[in-house]
**Q** 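There's a structure below that I have some questions on.
FYI, the numbering just counts along the sequence from 1.
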Amino acid sequence: MRSFELNPAIETIIFTHGDSDGICSGAIAKSAYPDSQVYFTSPVSLLRKLKLANGYKRVIICDIAIDERTSEELLLRLREISQISKLIYIDHHPIPAKGWNESWLHNDPCASSSELTYKVLSSRLSRDVRRVAIYGAIGDYADDSNTVKMWCEDWDKRTLFFEAGALIQAIIYSGREFEFKRELIEHLAKDKLPSSHPDILDFARKCSDLEERLRLRIRKEVKSLQNIAYVIDPRGYKSKSAIYAAAYGHRKVGCSAEYRQTKHAYDISFRSRSPVDLNKILRDVAPRYEGSGGGLPEAAGARIPVRNFKAFLNELDSRIGEEERRLKEENIIDKCH
Ligand SMILES: [Mn+2]
């Protein structure tokens with residue numbers, strides 16, 4: 001991690017996620033508070049990174065899910081910060097059931113963090129910055145909210161998709177290049193087009209090239225259970241692998257498992273077009289196989305020890321089937337629509 005001299009002119013610190021929704025959220029926050037310092041973090045490292053917030057007048061956190069295991073400690077720390085600084089925590093991941101009714105928390109699971117960040121900070125933002133919120137929403141598959149659909153009407157949708165697509169592919173290609181991502185936030189915060197950034201189109205093309213080779217490998221290697229189609233070690237982007245596994249395995253839930261030697265476990269990504277809540281099912285099933293798991297209803301992850309992987313996958317498969325039948329009987333519809 002790069003360290004910075006604390007500059008008294010900089011009053012705002014922004015913590016955000018390194019994916020496309022996080023980068024767009026960060027850019028929107030930076031556009032509202034140009035004299036700010038941006039740091040990338042993740043749910044598991046937020047608590048530790050918050051040490052950096054000392055001395056800032058304003059602390060903005062975007063697109064960081066609340067880590068269940070440390071949520072109590074995190075809540076105490078955030079309350080402490082909110083006594084000293086102006087705290088704004090914007091996120092769209094599910095929050096713990098107890099204790100998080102705080103005035104500084106802006107949470108809505110039915111929108112992207114980019115949409116929420118624009119809404120929370122809108123009084124300081126140019127209307128045109130909505131375009132960045134749309135890119136972030138597309139990056140998080142959350143461009144079907146009523147607000148984003150309405151915002152899209154002010155632009156030529158085809159141009160939006162071109163810019164968003166190039167931006168998202170480039171971000172995926174850049175992986176852990178946080179210096180690049182920080183520069184990208186500066187670029188977007190100034191309301192410049194993604195395609196006008198010198199690296200974006202080249203990175204996006206490289207991402208698409210890797211993705212295409214991955215897709216063709218998955219078409220050959222995918223295996224299917226009753227409800228889950230899966231690939232093991234597809235050697236490529238995990239979430240994209242899960243999407244193509246579902247498509248070529250002809251199942252509603254796609255799964256991509258990557259072997260992690262250091263943990264002797266599989267890191268697993270899921271993408272679902274089933275109405276079931278994968279987050280809920282994984283939080284229940286994964287611990288029973290000595291693993292952990294969760295995320296969003298339609299996009300989630302898990303880590304499961306190698307020795308339990310097959311049994312875990314089989315139980316998950318039958319649980320998804322049971323849950324689908326139950327939903328069908330009760331005729332329950334998605335709470336976001
Ligand atoms: Mn994110």
**Q** Is atom CD of Glu73 surrounded by more than 12 heavy atoms (other residues, nucleotides or ligands) closer than 6.0 Å?
**A** no
**Q** Check this for me, if you would: do Asp209 and Arg213 make a salt bridge, where the nitrogen-to-carboxylate-oxygen distance has to be below 4.0 angstrom?
**A** yes
**Q** Could you tell me whether Arg260 and Glu258 have a side-chain N and a carboxylate O separated by less than 4.0 Å?
**A** yes
**Q** Counting N and O atoms only, with roles assigned by atom type, does the side chain of Arg217 sit under 3.5 Å from a partner on the main chain of Pro234, one being a donor and the other an acceptor?
**A** yes
**Q** Same cluster or not: Val231 versus Ile172, using hydrophobic residues (I, L, V, M, F, W, Y) connected whenever any side-chain heavy atoms lie under 4.5 Å apart?
**A** yes
**Q** Under a 4.5 Å cut-off applied to non-hydrogen side-chain atoms, are Tyr237 and Tyr173 in contact?
**A** yes
**Q** With no hydrogens and no angle check, do the side chains of Glu115 and Ser145 hold a donor and an acceptor under 3.5 Å apart?
**A** yes
**Q** Could you tell me whether the side chains of Glu324 and Ser274 share a donor-acceptor contact shorter than 3.5 Å?
**A** yes
**Q** Measure the shortest side-chain to side-chain distance between Ile61 and Leu87 over non-hydrogen atoms and say whether it is less than 4.5 angstrom.
**A** yes
**Q** Side chains of Thr117 and His106: donor-acceptor distance under 3.5 Å anywhere?
**A** no
**Q** Do Leu52 and Tyr39 make a side-chain contact, defined as non-hydrogen atoms from C-beta onward lying under 4.5 Å apart?
**A** yes
**Q** Do the side chains of Glu290 and Arg307 get close enough for a salt bridge, i.e. N-O under 4.0 angstrom?
**A** yes
**Q** Can you find a side-chain donor-acceptor pair between Tyr33 and Glu11 that sits under 3.5 Å?
**A** no
**Q** Is there a side chain to side chain donor-acceptor pair (under 3.5 Å) between Glu211 and Tyr244? Walk through the geometry before answering.
**A** CA-CA 10 Å; Glu211 178 175 346; Tyr244 292 125; 2.6 Å; yes
**Q** Are Glu315 and Tyr289 linked by a side-chain donor-acceptor pair shorter than 3.5 Å?
**A** yes
**Q** Should the pair Tyr89 and Trp104 be assigned to parallel (<30°), tilted (30 to 60°) or perpendicular (>60°) ring geometry?
**A** parallel
**Q** Would you check if there is a donor-acceptor pair between the side chains of Asp63 and His92 at a distance under 3.5 Å?
**A** yes
**Q** With sequence neighbours excluded, tell me which residues meet side-chain contact (heavy atoms from CB on, under 4.5 Å) with Ser45.
**A** Thr41, Ser42, Arg48
**Q** Do NZ/NE/NH1/NH2 and the carboxylate oxygens of Arg326 and Glu330 come within less than 4.0 Å?
**A** yes
**Q** Is it the case that the side chains of Ser114 and Asp21 hold a donor-acceptor pair, with the cut-off being a distance below 3.5 Å and no angle test?
**A** yes
**Q** Using a strict cut-off of less than 4.0 Å between a Lys/Arg side-chain nitrogen and an Asp/Glu carboxylate oxygen, indicate whether Arg131 and Asp191 qualify as a salt bridge.
**A** yes
**Q** Using 4.0 Å as the upper bound for N to carboxylate O, is an ion pair formed by Lys280 and Asp284?
**A** no
**Q** Any Lys/Arg nitrogen of Arg182 or Glu179 sitting under 4.0 Å from an Asp/Glu carboxylate oxygen of the other?
**A** yes
**Q** Just so I know, are the side chains of Pro194 and Tyr135 near enough to count as touching, which here means a heavy-atom distance under 4.5 Å?
**A** yes
**Q** Pairing donors with acceptors under 3.5 angstrom, does anything connect the side chains of Gln169 and Ser208?
**A** yes
**Q** Testing Glu221, Arg219, Lys220, Arg215 for side-chain hydrogen bond (donor to acceptor under 3.5 Å, both in side chains) with Tyr248, which one passes?
**A** Arg215
**Q** For Ser113 and Ser25, indicate whether the former's side chain and the latter's backbone hold a donor-acceptor pair under 3.5 Å.
**A** no
**Q** Flag the pair Asp143 and Lys149 as a salt bridge only when some basic side-chain nitrogen lies within less than 4.0 angstrom of an acidic carboxylate oxygen.
**A** no
**Q** Using the rule given for ring pair (Phe, Tyr, Trp, His ring centres under 6.0 Å), can you reason through Phe180 versus His197, listing the C-alpha separation, both sets of side-chain angles and the distance that settles it, and then say yes or no?
**A** CA-CA 11 Å; Phe180 165 76; His197 184 285; 5.5 Å; yes
